[in-house]
Structures are given as C-alpha cells and as structure tokens.
Amino acid sequence: MPKISTLIDADKIAARVREMGAQITKDYVGMEIVLVPVLKGSFVFAADLAREIDLPVAIDFLGLRSYGDGTKSSGIVQITSDLTKPIEGKHVIVIEDIVDTGLTMQYLFENLETRHPASVKLASLLHKPARAKVDIEIDYLGFTIEDVFVIGYGLDFAERYRNMPFIGVLEEQ
Ligand code: IMP
C-alpha cells in the first residue's frame, strides 16, 4: 500500500470552505447565480461549497478532460459533458478543484465568454502557483500549495483516492 501523508485535514478544509461560502453569499447578495462545478475533480468541494452559500443557486455541471502524461496537463482540453442550459446574462461561478498550469481554466474561460454571461468568476479549492504557465485570476481561493501532487477530497491519481475526506500527498512508493 502506498503511504499517504495529510497535507490539509478535513476540519481545516471545512472551515475554509465555510469562509468561502460566506464571502460568496456577501458578494452576490440579491443576485441569482449559476454554480458550474468542473467534473470530475471538484464534485466534493462543490457539494460542500454550495451548502455554505445562502442564496438561490442553480447548479449545472461541466465535464472537462485535460490531456497529459500522467500528472502533467498539456493544455489540450476537451469538453466531455457540456452545460445543459444557456448562461447568457447569468452570473456564473466556476468551481474548480485545483489550478495548476492554469491552461484548463484559460481554455474554459475563453469558451464561456463566447456564451455571453453577465459575469464569470472562479472559485478554486487549491492553487499551485509554482507551476503556472498562464496567469489565472482566482476570485475565491481555498489554499495555496507547494509543487506536490495531491489527492483526495475529489482529486485523483489514476481515478483513485477521490473519496478520501482530506487532501493528502502520495509518498514515494
Ligand atoms: P491545469 O490545466 O494544469 O491547471 O490542470 C488542472 C487540472 O489538472 C485539475 O483540474 C486537476 O484535474 C488536474 N491536477 C492538477 N494538479 C493536480 C494534483 O496535484 N492532483 C490531482 N489532480 C491535479
């Protein structure tokens, strides 16, 4: 069995997600928003964040696949499952698990802009600035992390570990 060390425990995640939800609630008071979780990695974070937002929200999922060799993204992105409704004139918050090189979010934001939403903001649980290739503005950020490959709380390695309730790092096997 590979050894997994804890990077951010479940309590710390919950506290931060609560703060992010409160901030979004404050910023969008009186407005209706569409939450767009990016599958698959953000499904756990999105479920928790949505429940910390005290506003009327619609939720529509978007599936993306970013091609790469194992743990590295190439910037070639495919929409595997698109939104079910138009977002024209809507206030959209994209929910992402982690911004690494930023290439996936750059692609997605360019794509969403063509659909003429009223606004698009980004909520990301994690950011790995050491590996940034493009500058992505993260409006609501959970944690900044070092250049390590993380798993758990939705994030996978070869489709495993998404159901771990904390964020961990796979140690040398
Ligand atoms: P980017 O295009 O390099 O920013 O890659 C973003 C996507 O790569 C994320 O949505 C994740 O699915 C995946 N990813 C990047 N870093 C990690 C990591 O440390 N663990 C698990 N998935 C990661």
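A quick note: this is a predicted structure, and the numbers were derived from the prediction, not measured. We count residues from 1, following the sequence as given. Both ligands and their constituent atoms are indexed starting at 1 by order of listing.
- Some N or O of Val150 is nearer than 3.5 Å to an N or O of ligand 1, by distance alone.
- Within the 4.0 Å heavy-atom shell around ligand 1 one finds Val148.
- In summary, the atoms of ligand 1 found under 4.0 Å from a heavy atom of Leu155, numbered by their order in the structure, are 20 (N), 21 (C), 22 (N).
- Of all the heavy atoms of Glu96, the ones lying under 4.0 Å from any atom of ligand 1 belong exclusively to the side chain.
- Listed here is the closest heavy atom pair of Met164 and Ile4: SD-CD1, 3.8 Å.
- Here the shortest heavy-atom distance to atom 12 (O) of ligand 1, taken over Ile151, Leu103, Asp97, Leu108, belongs to Asp97.
- Within a 6.0 Å radius of CG in Asp147, more than 12 heavy atoms belonging to other residues, nucleotides or ligands are found.
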Between Glu159 and Lys40, is the salt bridge (charged side-chain N to carboxylate O under 4.0 Å, His left out) condition met? List the steps.
CA-CA 10 Å; Glu159 290 302 325; Lys40 300 177 204 169; 3.0 Å; yes
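- Using a cut-off of 4.0 Å between Lys/Arg side-chain N and Asp/Glu carboxylate O, Asp60 and Lys85 are scored as not salt-bridged.
- The shortest heavy-atom distance from Gly102 to ligand 1 is under 4.0 Å.
- Ligand 1 lies less than 4.0 angstrom from a heavy atom belonging to Asp156.
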| Stepwise side chain to side chain contact (heavy atoms under 4.5 Å, CB included) test for Tyr153 and Phe166 | CA-CA 6 Å; Tyr153 198 70; Phe166 61 93; over 6 Å; no
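- The aromatic rings of Tyr28 and His91 sit perpendicular to each other, their planes meeting at more than 60°, with 30° as the lower class boundary.
- With respect to Arg115 and Asp82, a salt bridge is recorded, a charged nitrogen being found less than 4.0 Å from a carboxylate O.
- Numbered from 1 in the order shown, with element, the atoms of ligand 1 that lie under 4.0 Å from a heavy atom of Thr104 read 1 (P), 2 (O), 5 (O), 6 (C).
- Considering each of Leu39, Asp100, Val38, Ile98, the one bringing a non-hydrogen atom nearest atom 13 (C) of ligand 1 is Ile98.
- Contact annotation: for Lys128 versus ligand 1, heavy atoms closer than 4.0 Å belong to the side chain alone.
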